[in-house]
Amino acid sequence: MKLVNLAVARPVTIWMFTLGIMLFGLVAMARLAVNLLPDLSYPTLTIRTDYLGAAPAEVEQLVSKPIEESVGIVKGIRKVESVSRSGRSDVIMEFEWGTDMDLAGLEVREKLDVLLLPLDVKKPLLLRFNPNLDPIVRLALSRNDGKIAADGKESISSPQALSQSQQVALRTYADEELRRKLEALTGVAAVRPDGGLTQEIQVLVDNEKLSQLNLDISAVNDRLKAQNINQAGGRLETAANDYLVRTINQFNTLDEMRNLYIATVNGSHIRLSDIAEVKDAFVDRQSITYVDGREAIEIALYKEGDANTVQVAKTVVAKLEELQKNLPAGYDLKLVYDQSTFISDAISEVKSAAISGGLLAMLVLYLFLRNVWTTLVISISIPLSIIATFNLMYAQDISLNIMSLGGIALAIGMLVDNAIVVLENISRYKEQGYSAMEAAKKGASEVSMAITASTLTTVAVFFPLVFIDGIAGQLFKDQALTVTYALLASLVVALTLIPAMAAHERNFNGE
């Protein structure tokens, strides 16, 4: 076989190629993304439309059905269903596996842009379901009001509730300061604070007074909307300058709201304060978070779709120390959840299993061969094939995850098969009196087609998994490709480096 003859005749060239592959493979390994699972993207889109104040029947008739009829003709769609709730419509579209979701999303947006919905319906939102949309990092912002005991440790009474002013200050700092700094980090898509109190101006209308004055709530609502708005007022042109005119008409104080004119009834001017109570209050709380016995603000960080979870989490944790130094006096910022820790632990376990499997494979080889040099020649195919696999993984955008590393671990035991067959046949020719170089050429060439057929037979078992549709195909694709790449790399090693090392065994032994 020409490849074998070239490898035996040009060992330095083969070693240069080998070192180059190892160098690029190590660089590729350092740049591979690290995730828990492969990128799982379901072919579904959700159209969410808010219709405030509408009953479920109205939402279904005026929003859900028109949207279903409009998007039902999109190419590749398999099923459309809707859920109509009070004030909200969700239309879920399920597409055929393999559909280009970017193009499908554009086509759906085109249908929505020309769809006529009631004027008071908010613009529909197109949502993409992704199982990786859980927050990757959770932080807790709290007040450090614990007392220092005699031993220097902080004593905390459990639980510690905060005053309303403290809760507002915490939530305001999280919204206006921490969110801005964290969203600027590379890979962070969104930062969502939760907890504390959010300020809200409440207008509590007295229905009994409204009925006595023969007014309805819509009149009050319309007056508030009309009188609390800023609008462009046109442009004023002079000989020297052009001025843009704005009409500023926003409420600045609660008294301005209370003095708002509503209507004239029986010759009397009715103000907002006559029929309603206006007060500075807070949005109803949906959750309360306690960390170490203290009431806190939870800050959830979401990564960008194609970002590396582990790298983004490391960036956030590195920024955490700087943020803690710049906190106001009495504030405390803690890391309470880091998804990358679990991912790193899971990946480390798989790596350890792969390394242990490789070492055990080498040990078994030595126990059977009883020759250190022969064991070394065969065992070198394991790390070299794996490092070569990293190059192909990087080229195909395959991340380091449980499935891809599991594929490498699965292939480790099979990586030495080709090398064993080649080296055994070379040894047989040496025993017959051939020189090391001739034995390497004849022995490797004789079994080259046999080990190629054997390797391709194994590849034929794993590679078809790439073409499976559905979630199973996306889950096992990385594993199938890594096994395939590792086996093909081991075949190349067995036909090039193994004969070259066997042909120059005397040189390596110093003879």
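Only this structure's heavy atoms are used, side chains among them; waters, hydrogens and symmetry mates stay out.
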- Item | Asn418 and Thr455: CA distance, side-chain angles, deciding distance, side chain to side chain donor-acceptor pair (under 3.5 Å) verdict | CA-CA 8 Å; Asn418 295 331; Thr455 302; 3.0 Å; yes
Would you check if Val291 and Asp332 make a side-chain contact, meaning some heavy-atom pair closer than 4.5 Å? no
Requested in this report: Check the surroundings of atom OH in Tyr331: do more than 12 heavy atoms from other residues, nucleotides or ligands lie under 6.0 Å from it?
Outcome: yes
The side chain to side chain contact (heavy atoms under 4.5 Å, CB included) partners of Lys75 (sequence neighbours excluded) come to Glu107
Taking Gln324 for the side chain and Leu333 for the main chain, is one N or O donor matched with an acceptor at less than 3.5 Å? yes
| More than 12 non-hydrogen atoms from neighbouring residues, nucleotides or ligands closer than 6.0 Å to OH on Tyr337, yes or no? | yes
Validation row: Leu405, Leu400 side chains within 4.5 angstrom (heavy atoms)
yes
- [ ] State whether the number of non-hydrogen atoms from other residues, nucleotides or ligands found under 6.0 Å of Glu424 atom CD is greater than 12.
- [x] no
Does NZ or CZ of Arg192 lie under 6.0 Å from the centre of the six-membered ring of Tyr302, at an angle within 45° of the ring axis?
yes
Using modelled atom types only, decide if a donor and an acceptor are shared between the side chain of Ser454 and the backbone of Ala450 within a distance under 3.5 Å. no
*Counting only N and O atoms by type, is there a donor-acceptor contact under 3.5 Å from the side chain of Thr99 to the main-chain atoms of Glu96?*
yes
Take a 6.0 Å sphere around CZ of Arg428 and say whether it holds more than 12 heavy atoms from other residues, nucleotides or ligands. yes
Run the side-chain donor-acceptor check on residues 488-503: report pairs under 3.5 Å with partners two or more places apart or on a different chain.
{"from": "Ser490", "atom 1": "OG", "to": "Leu487", "atom 2": "O", "distance (Å)": "2.6"}
{"from": "Thr496", "atom 1": "OG1", "to": "Val492", "atom 2": "O", "distance (Å)": "2.6"}

query = Given the rule in the side-chain contact (heavy atoms from CB on, under 4.5 Å) test, do Thr309 and Ile343 qualify, once you have shown the distances and angles that lead to the verdict?
reply = CA-CA 9 Å; Thr309 302; Ile343 295 176; 3.7 Å; yes
Quiz item: Is any NZ, NE, NH1 or NH2 atom of the basic residue among Asp175 and Arg171 found under 4.0 Å from an Asp or Glu carboxylate oxygen of the other?
Solution: yes
Glu177 meets the side-chain hydrogen bond (donor to acceptor under 3.5 Å, both in side chains) criterion, sequence neighbours left out, with Arg180
Please walk me through it: do Leu139 and Val137 pass side-chain contact (heavy atoms from CB on, under 4.5 Å)? CA-CA 7 Å; Leu139 306 176; Val137 173; 3.9 Å; yes
Q: Before accepting this row, confirm whether a basic side-chain N of the pair Lys319/Glu322 lies closer than 4.0 Å to the acidic partner's carboxylate O.
A: yes
#### Entry: Step-by-step side-chain contact (heavy atoms from CB on, under 4.5 Å) determination, Leu178 to Ile299
CA-CA 9 Å; Leu178 288 181; Ile299 303 173; 3.4 Å; yes
* Residues, nucleotides or ligands: over 12 heavy atoms within 6.0 Å of Tyr173 OH -> yes
Inspect the surroundings of CD in Glu321 and state if more than 12 heavy atoms from other residues, nucleotides or ligands are less than 6.0 Å away. no
- Message: Can you confirm whether more than 12 heavy atoms, excluding those of Phe95, are under 6.0 Å from its CZ atom?
- Response: yes
Are any side-chain N or O atoms of Asn391 and backbone N or O atoms of Ile21, one a donor and one an acceptor, separated by less than 3.5 Å? yes
### Task
Could you check Asp338 against Arg138 for side-chain contact (heavy atoms from CB on, under 4.5 Å), going step by step and ending with a plain yes or no?
CA-CA 7 Å; Asp338 184 357; Arg138 295 180 188 270; over 6 Å; no
Do the side chain of Ser404 and the main chain of Ser399 share a donor and acceptor less than 3.5 angstrom apart?
-> yes
Note to self: Is a donor from one side chain sitting under 3.5 angstrom from an acceptor on the other, for Ser64 and Ser84?
What the structure shows: yes
Review point. Can you find a side-chain donor-acceptor pair between Glu68 and Ser82 that sits under 3.5 Å?
Key: yes
